[in-house]
Amino acid sequence: MLDIQLLRRDAALVAERLAARGFAFDAARFDALEAERKTIQTRTQDAQAKRNALSKQIGMLKGKGEDTTAVMAEVAGLGDELKALETRLGELQTELNDFLMGVPNLPHESVAVGRDETANVEVSRWGTPRSFDFPVRDHVDLGEGLGQLDFAAAVKITGSRFTVMKGGLAKLHRVLAQFMLDVHTTEHGYSEVYVPYLVNADSMRGTGQLPKFEEELFHVPRSDADKLYLIPTAEVPVTNLVRDEIVPLDALPLKFVAHTPCFRSEAGSYGRDTRGMIRQHQFDKVELVQMVRPEDSYAALEALTANAEAILQKLGLPYRKMALCSGDMGFSSAKTYDLEVWLPAQNTYREISSCSNFEAFQARRMQARFRAGQGKPELLHTLNGSGLAVGRTLVAILENYQNADGSVSVPEALRARMGGVERLTAA
RNA sequence: GGAGAGGUGGCAGAGUGGUCGAAUGUACCUGACUCGAAAUCAGGCGUGAGCGCAAGUUCACCGUGGGUUCGAAUCCCACCCUCUCCGCCA
């Protein structure tokens, strides 16, 4: 959520900055809503103050055993008007809130203006894509060739966009997640957390998935009014750890890492990446989350992105770092770097991590604050990034480390964890 | 699943219709005393929002949402959550 003070001061300026990300902010509507809110709120509060004063008077008179009929008559006249005002004010506040909850974050000044991913800016590249002297197979052929990747079984059990892994590949998948967790906790200073995979609507609103993106979520019904959502990323439960909290200054920065499955309905992506495990309804991800002081958040974004890059480097996977343009960023983000890993079979780089600074956008929705000294509570800045998407990392290893005979070498960094196994072969 | 208890300020804990945003204790901050500290004494000390240049002032908030009333922490309804015991269970 944006700072309403900023909108009151200059809604037109906000509209201009949001236009850069392709969002049509209706400044006229906002100004109109605000104007009415202001009058109605003032009138409501005046009426309430009057009612409170008279009621207090009745209390005092009764305490002294005196007659109250005159004051009662006076306050009786207030009733209908007050009720109407309160109702209208409630409507306006709901309307304003709904309006604000649907407005995306402002792009940081360093973000390039552009409509879609074609305007993203390549920041750096690491590693050299390997050249193959045999026909390159994609991860589906490789995994099925090994007898360790089974989409047919997943379709039978559940449906499309799920996968079953077996044997060495299943183990490699597990080992990858643990490798990432260990690197981030021991080398990068993150605290490991284990969190629920089902969350309530307040949590989804806090990080910005609701109210706008409900169709991208899976949910589990409970009572009528109350359902739980499967997390689309660990960002949701982990960031919400600080919802409605005032964190002491000396506890900052907070740095968390969590390994969770992620569930996405992928509504609207029919036909995209239908083959293989690039785009699944369920996938594992190791997520980095930070809560920092506002003045530290852009340095933290660089550091967090470097933390994710370190995993790719240790695994020897070539990648490039992209700074997303204004039109390609997520709803809540002020600035985002995507890390894209080289996939030989697709002959291109594909997203494997997305690292974002949300500034105070999520914190404002969540009332996530810190207190410096004796001062007023201030909003935190929140950040997160994948470190990394485990399924896609597995895909990248299969394709980049494949051999002519269809076997797959295990990256050096994982061999000890794999019990010394150097390559995955068909059983 | 069955039975019971309970959700009040950072924490503890009063308050069952009126002067209660809320006693008291504790924690914390400031000052006094002290060479300094402890102890003691005095004062201060919630969050959000509106109006205002400011001083200030008004409103809302006692789990959540409704209702009754001139007036609700207190009464009524629904829901959520926590705890205890029993049963079942990874």
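A, B, ... follow the sequence lines: proteins, then strands. Residue 1 opens every chain. The structure presented is a predicted model; accordingly, all values stated were derived computationally and were not measured.
Atom CG of A/Leu228 and atom P of B/C81 are 9 Å apart (whole Å). For the pair A/Arg371 CZ and B/C45 C1', the interatomic distance rounds to 10 Å; values are reported in whole Å. We find that CD1 of A/Ile58 is positioned 18 Å from P of B/G17, with the value rounded to whole Å. In this structure, A/Leu85 places its CG atom 19 Å from P of B/U58, rounding to the nearest Å. A straight line from CG of A/Asp3 to C1' of B/G48 spans 14 Å, rounded to a whole angstrom. Separating the CD atom of A/Gln45 from the C1' atom of B/C59 is a distance of 4 Å, rounded to the nearest angstrom.
Remark: A/Gln5 is in phosphate contact with B/G50, judged by side-chain N or O atoms under 4.0 Å from OP1 or OP2. Dashed line: the shortest gap from a side-chain N or O of A/Lys56 to OP1 or OP2 of B/G71 is not under 4.0 Å. For A/Arg37, no side-chain nitrogen or oxygen approaches OP1 or OP2 of B/C59 to under 4.0 Å. At the phosphate of B/G71, neither OP1 nor OP2 sits under 4.0 Å from any side-chain N or O atom of A/Asn52.
Rounded to a whole angstrom, the distance from the C1' atom of B/A72 to that of B/G65 is 15 Å. If you take atom C1' in B/G63 and the same atom in B/G56, they sit 34 Å apart, rounded to whole Å. For the P atoms, the distance linking B/G44 with B/G36 amounts to 26 Å, nearest Å. Nucleotides B/C62 and B/U8 are separated by 4 Å at their C1' atoms, to the nearest Å. Using C1' as the reference atom, B/U68 and B/U74 are 13 Å apart when rounded to the nearest Å. When the P atom is compared between B/A5 and B/G18, the two are found 26 Å apart, to the nearest whole Å.
Taking the six-membered ring where the residue is Trp, A/Phe162 and A/His281 present tilted rings, their angle falling between 30° and 60°.
Less than 6.0 angstrom separates the ring centroid of A/Phe361 from the ring centroid of A/Phe331.
Remark: B/A42 base-pairs with B/U30; criterion is Watson-Crick or G-U wobble with both hydrogen-bond distances under 3.5 Å. Remark: B/C70 base-pairs with B/G18. Criterion, Watson-Crick or G-U wobble with two distances under 3.5 Å. B/G1 is paired with B/C86 under the Watson-Crick or G-U wobble criterion, all donor-acceptor distances under 3.5 Å.
Comparing A/Gln367 and A/Val75 against RNA chain B, the residue whose closest nucleotide sits nearer the 5' end is A/Gln367. Nearest-nucleotide positions on RNA chain B place A/Pro377 closer to the 5' end than the other of A/Pro377 and A/Ala53.
Checked for salt-bridge contact, A/Arg350 and A/Glu399 miss the test: no charged N lies under 4.0 Å from a carboxylate O.
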Could you check A/Thr207 against A/Glu235 for side chain to side chain donor-acceptor pair (under 3.5 Å), going step by step and ending with a plain yes or no? CA-CA 8 Å; A/Thr207 34; A/Glu235 162 192 356; 4.9 Å; no
In sequence, state the C-alpha distance, the side-chain angles, and the governing distance for A/Leu398 and A/Leu169, and then conclude on side chain to side chain contact (heavy atoms under 4.5 Å, CB included). CA-CA 9 Å; A/Leu398 286 174; A/Leu169 194 65; 3.7 Å; yes
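Closest contact between the side chain of A/Arg369 and the listed nucleotides B/G52, B/G48, B/U68 involves B/G48.
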